[in-house]
Structures are given as structure tokens and as C-alpha cells.
Amino acid sequence: MVVTRWPLTGREADVARLDAALAGRGAVLVGPAGVGKSRLADDVAAAQAGDAVARAVARPGLTGVPLAPFAPLLPAGAGVLAVPDAPAALRAALADRWPGADRPVLVVDDAQWLDPVSAAVLHQVAGDTDLRLVVTVRSGEPVPPEVVRLWSDQLLDRVEVAPLSDPALRALVAAALDGPVEETTVQSLVRACEGNVLYLRELLLGAEEAGVLVREHGVWRFAGALAATPRLVEVVEARLGGLAAEPREVLELVALAGAVALDTLVGLAPARTVEELERAGLLRADPVLGGGPPDVALAHPLHAEVLRAALPEATRLRLARALASATGADGRWDDLRPDERMRRALWHLEARMPIDPDRLRGSAQEAMSAGDQQLAARLATAAFEADGSVAAVILASFCLAELGERDEAEQLLLRAQAAGGPPRDLAAITVRLAEDRYWGRDDPDGAATIVDRFL
């Protein structure tokens, strides 16, 4: 069972910096959504001030309502206060709440969404020596000028909160599950989350609820492919919500592509929209080895997972055909990078357009080498369906078994066996069937039966 209260793992340096800042007036924590800024602020504030901690939360839908975040802290009727009176009312309200407290702490969460009046009030109380502040700001979002002045005027320290490192995320997975975790499961989680603690939490809780996360012989593992769960969809849609139809479709195109060269993307979508999405932190452009146009991908892989899962079939087909037609599968295939070959093979499958089975098999092998078992299984299965290749079906069965889909892997092998072929090929299929029975299912008798039938 996923533990309900996670330890503050991998944040020792951030805790130390915030502790030091709270010896003075406080700090502004700046970082991407979901990295744990709020948890860091709450834990350190509580450690410093005990119960003398007040909390105000800004909301994107209330940016036009003066003093909305501070309303729960202010006396009734404070919403009509003039701006010069509001700081004094806030100070008095906090003093009344904790009479005699030594410098209580006010935590202001998501300050990028403060209304102008609240931002001005926050800047004014930041100079108060009887009050300490911890303010969180989401990077990649427009920030009110008065909030920026909190650190530019040197009223508060600015502390950058980065995504967790891979080792810290690994430690957090083990702590969250309170026990050992299968290595392939850990790798899948680390790769999917990219240091985002919120996404890790939602993935684990959603997978547990869906029965995909299981504990066998004392070890946690995924009994199926990692997929977007309703919990995760809600979190990601909160980040992507409000986008107009055109920018959302650009994101859907890139999500389906996985990654796409910038010059290809601007040939398929308005360049200005691509620009705006990159500025908003929803797309990122990554340089490629050897030069050439950068690859554009979604800022976070789980955004792509959620968008792909929600695509209507007709939209998926249309976008895939646009990608496949723009790049082609012929020409200088061998001169492409392995990741480009994998992507183009996938686009042609999604578009239901023909592609050489040899290229599917080669791309499947490259996907497996890159650690993408799901893509490798799909490409290898398509190659087997196209020409009945034994090499392809064995590769597909291995990748499916690694993903926990052993029944599907076995059915694929049995189909290949039933189709017949040279004794050498049938022997290879039999060995693979017996191997999975023996090692994968812990069924030595079943493995022996498979071999005996072949002999």
C-alpha cells in the first residue's frame, strides 16, 4: 500500500537554504509545477514556527477578485479595504491569531496568480520584521511585478526548487511503497516522472487503485504497462486546461509524435503557436547530436501520455498521417538517428501506411536497446503480423513479458508455432515458450511439457 505521508526526500539542501532564509524575513521558492514547493514550504515553516503558521493560496480563477487569497485570514468586510489599509489589517489579524508568538510565518502558495491588490499587500508586509514569509511561485508563468520585486528588492531570498534527481526519486519510490521495488518498475517511474513528485504520487496511487501496482513475494512491480490513470489525467488537465483548440491540437500532434524536428513541426503547425507554447513552458526544444534542427517535445512526458490517451481515433489517424506524409519512410533511412527511425516507424503504423517489415524489426530492436519495451513490443508485433518473422515474434514476446503481459506474449508465440515453418524456427519458438514458463511463471512442469510436445 502506498504510504499516505511521504518523507521529504532529496531536499536537504533546499531545507537548509529555507531554514537560513527564515532566520531573516523569508524566501520565495521558485520551480516547476509538482516539484514539491508547497510541501517544502509547509514542512519548514512548521518546523520553524510550530502552530504559528498561516496559509494563503492564490487561484487562477480569482485573479480579478481583490484580496481573495487573504480573505480567510482577514476580518469580515476586509475585502472593501483600501490598499493602504489592507497590510495593517493583515498584520493585526495574524497578531490576534497568535498573541505573543515570535514572528509567525505566512505561507503564500502559487503567488503567480495573486490579484494586483494582494500582490501589493504581500510586497508591503514583506518588509515587516515581526512577520516571516514563504512564497511559492510556479516557473514558466507570468508573475505580478510586485511579486518579482520581493526578490529583486532583496526583501526575500529567492530559492530555486529543481525537479528531484534520479537517485532521490528512486529513494522516494522505495519510501513511498515502504519496501523493495522491481528495478524495471523503478526505471519506468523515474523515466515517466522526470523528477516531478506530484506526478509520481498520482502515478503510484492511480496504479494501486487500478490494480496495476502489485506486491509479489515482498517486491512491488507493475503487472501491466504504465498508463495514464484518472487521477493523473485530472492533474495534467488542470495544467493544460483553458487552451484554445489550435494550441491544444499542436500539443496533441507533438504528443503523438513523441518528438519531432522543429522544421517539420513548423511545416505542419503555425510557427507562432509553437512559439507561444514553448514560451508557456508546454513545449521544449532539445538540441540534437551532430547539429541540425532541434527536436520539439512536450515539456513533460506524462503530458504526452495523457493527451495521447484522450485522442479520438479519427484525430489520431489524421495527425499520424500528417506526420508520416511530412517525413516519409523511404530515402536515407540508414542515415537517420535510431530515435528518428523508431518515431517514423511508429507514425506509419499509427497512420496505417505501409512500411518495410525489416525496418520495423530493426526499429523494434533499437527501441528495446533504448529501454522502451512498450514501443519495441508494438513494432516487433507489427513486423510479425506483416511477414511472420520468427525473430520479430520472439522479440515481441520478450518485451511483452517484461511489461508483465505474459498471456499476450504466450498467445503470440502459440500463433507463430501453429503457423508452422522450418524446424529451426519452431525450435526457437518452443525454447522461448518454455523459458517464459520456467522463469517468468515459475512453472518448471509446464516448461517441461512444452519441450516434450515439441520433441
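Each residue takes its place number in the sequence, starting with 1. What you see below is based on every heavy atom in this structure, not just the backbone, and it leaves out hydrogens, waters and symmetry mates. Keep in mind that what you see is a predicted model, and the values were worked out from it rather than measured.
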Do you know which two heavy atoms are closest between Pro72 and Pro69, and how far apart they sit? CD-O, 3.5 Å
If every non-hydrogen atom of Leu150 is compared with every non-hydrogen atom of Ala126, which pair is closest and at what distance? CD2-CB, 3.6 Å
Determine the minimum heavy-atom distance between Asn196 and Gly34, stating which atoms define it. OD1-O, 2.9 Å
Yes or no on side chain to side chain contact (heavy atoms under 4.5 Å, CB included) for Ser38 and Arg55, after CA distance, side-chain angles and deciding distance? CA-CA 10 Å; Ser38 302; Arg55 206 165 192 279; 3.7 Å; yes
Sorted by chain and residue number, the salt bridge (charged side-chain N to carboxylate O under 4.0 Å, His left out) partners of Asp14 (sequence neighbours excluded) come out as Arg11
Main-chain N/O of Leu400 paired to Arg406 side chain as donor or acceptor, under 3.5 Å: no
CD (Glu216) with more than 12 external heavy atoms under 6.0 Å: yes
Between Leu282 and Leu240, is there a side-chain heavy-atom distance shorter than 4.5 Å? yes
Please round to the nearest 0.5 Å and tell me the distance separating atom CG of Asp339 and atom CG of Leu375. 11.0 Å
Main-chain N/O of Leu67 paired to Asp115 side chain as donor or acceptor, under 3.5 Å: yes
I'd like to check the side chain to side chain donor-acceptor pair (under 3.5 Å) partners of Glu160; sequence neighbours left out, ordered by chain and number. Arg158
Contact summary for Phe70 and Ser118, nearest pair of heavy atoms: CE1-O, 3.6 Å
Does anything in residues 250-281 pair up under ring-ring contact (aromatic ring centres under 6.0 Å, His included), and if so which pairs, sequence neighbours excluded? none
Step by step, would you call Arg248 with Glu237 a salt bridge (Lys or Arg N to Asp or Glu O under 4.0 Å)? CA-CA 11 Å; Arg248 187 176 180 97; Glu237 283 293 352; 2.8 Å; yes
Using the ring-ring contact (aromatic ring centres under 6.0 Å, His included) rule, collect all pairs that involve residues 285-311, keeping only residues at least two apart or in two chains. Tyr199-His300, Tyr199-His303, His300-His303
Backbone N or O of Ile394 within a donor-acceptor pair of the Ser397 side chain at under 3.5 Å? yes
Do Leu29 and Val135 have side-chain heavy atoms sitting under 4.5 Å apart? no
Flag, side chain of Ser152 to backbone of Val148, donor-acceptor distance under 3.5 Å: yes
With a cut-off of 3.5 Å and sequence neighbours excluded, list every side-chain donor-acceptor pair involving residues 313-321.
| unit_1 | atom_1 | unit_2 | atom_2 | d |
| --- | --- | --- | --- | --- |
| Arg316 | NH1 | Glu350 | OE2 | 3.2 |
| Arg316 | NH2 | Arg308 | O | 2.7 |
| Arg318 | NH1 | Glu249 | OE2 | 3.1 |
| Arg318 | NH2 | Glu249 | OE1 | 3.0 |
| Arg321 | NE | Ala351 | O | 3.1 |

With salt bridge (Lys or Arg N to Asp or Glu O under 4.0 Å) as the criterion, how do Arg149 and Glu146 come out once you've worked through the C-alpha distance, each side chain's angles and the decisive distance to 0.1 Å? CA-CA 5 Å; Arg149 287 180 56 200; Glu146 296 296 333; 3.2 Å; yes
Going from CD on Glu402 to OG on Ser188, what distance comes out if it is rounded to the nearest 0.5 angstrom? 10.0 Å
CD of Glu252 to CG of Leu243, rounded to nearest 0.5 Å, is 10.0 Å
Would you check if there is a donor-acceptor pair between the side chains of Gln112 and Asp110 at a distance under 3.5 Å? yes
Thinking salt bridges, do Asp43 and Arg39 make one under a 4.0 Å N-O criterion? yes
For the pair Lys37 (side chain) and Val30 (backbone), establish whether a donor and an acceptor sit closer than 3.5 Å, ignoring hydrogens and angles. no
Closest non-hydrogen atom pair, Ala168 against Gly10: CB-CA, 3.9 Å
Given 3.5 Å as the limit, does a donor-acceptor pair link the side chain of Asp153 with the main chain of Leu155, or not? no
With sequence neighbours excluded, tell me which residues meet side chain to side chain donor-acceptor pair (under 3.5 Å) with Arg191. none
Taking atom CG of Asp372 and atom CE of Met342, what is their separation to the nearest 0.5 Å? 7.5 Å
Within this structure, what is the CG-NE2 distance for the pair Leu156 and His123, rounded to the nearest 0.5 Å? 9.0 Å
Using every non-hydrogen atom in the two residues, find where Asp387 and Pro357 come nearest and quote the distance to one decimal. OD2-CB, 3.5 Å
Can you find a pair of side-chain heavy atoms, one from Leu277 and one from Val250, that are under 4.5 Å apart? yes
Side chain to side chain contact (heavy atoms under 4.5 Å, CB included) evaluation trace for Arg59 with Trp113: CA-CA 6 Å; Arg59 305 290 185 194; Trp113 291 322; 5.7 Å; no
Leu73 and Arg97, any side-chain heavy atoms less than 4.5 Å apart: yes
Is any side-chain N of the basic residue among Asp286 and Arg284 closer than 4.0 Å to the acidic one's carboxylate O? yes
Start with the C-alpha gap between Leu251 and Leu253, add the side-chain angles, then the distance that decides, and say whether side chain to side chain contact (heavy atoms under 4.5 Å, CB included) holds. CA-CA 5 Å; Leu251 291 183; Leu253 178 70; over 6 Å; no
The reported gap from CG in Leu40 to CZ in Arg17 (rounded to nearest 0.5 angstrom) is 10.5 Å
Leu131 side chain reached by Leu90 side chain, heavy atoms, under 4.5 Å: no
For the backbone of Leu213 and the side chain of Trp220, can you confirm whether one donor and one acceptor N or O come within less than 3.5 Å of each other? no
Of Leu8, Val197, Leu189, Leu177, which meets side-chain contact (heavy atoms from CB on, under 4.5 Å) against Leu172? Val197
Counting only N and O atoms by type, is there a donor-acceptor contact under 3.5 Å from the side chain of Ser369 to the main-chain atoms of Gln365? yes
Would you say Val107 and Asp42 make side-chain contact, with heavy atoms under 4.5 Å? yes
Gln187 vs Glu182, test: side chain to side chain contact (heavy atoms under 4.5 Å, CB included). Steps then yes/no. CA-CA 9 Å; Gln187 289 175 358; Glu182 184 185 61; over 6 Å; no
Are Pro87 and Val121 close enough that some pair of their side-chain heavy atoms sits under 4.5 Å apart? yes
Given the rule in the salt bridge (Lys or Arg N to Asp or Glu O under 4.0 Å) test, do Glu183 and Arg170 qualify, once you have shown the distances and angles that lead to the verdict? CA-CA 10 Å; Glu183 176 59 21; Arg170 283 174 166 271; 2.7 Å; yes
Note, Leu203 side chain near Leu302 side chain (heavy atom, < 4.5 Å): yes
Are the charged groups of Arg337 and Glu340 less than 4.0 angstrom apart, N to O? yes
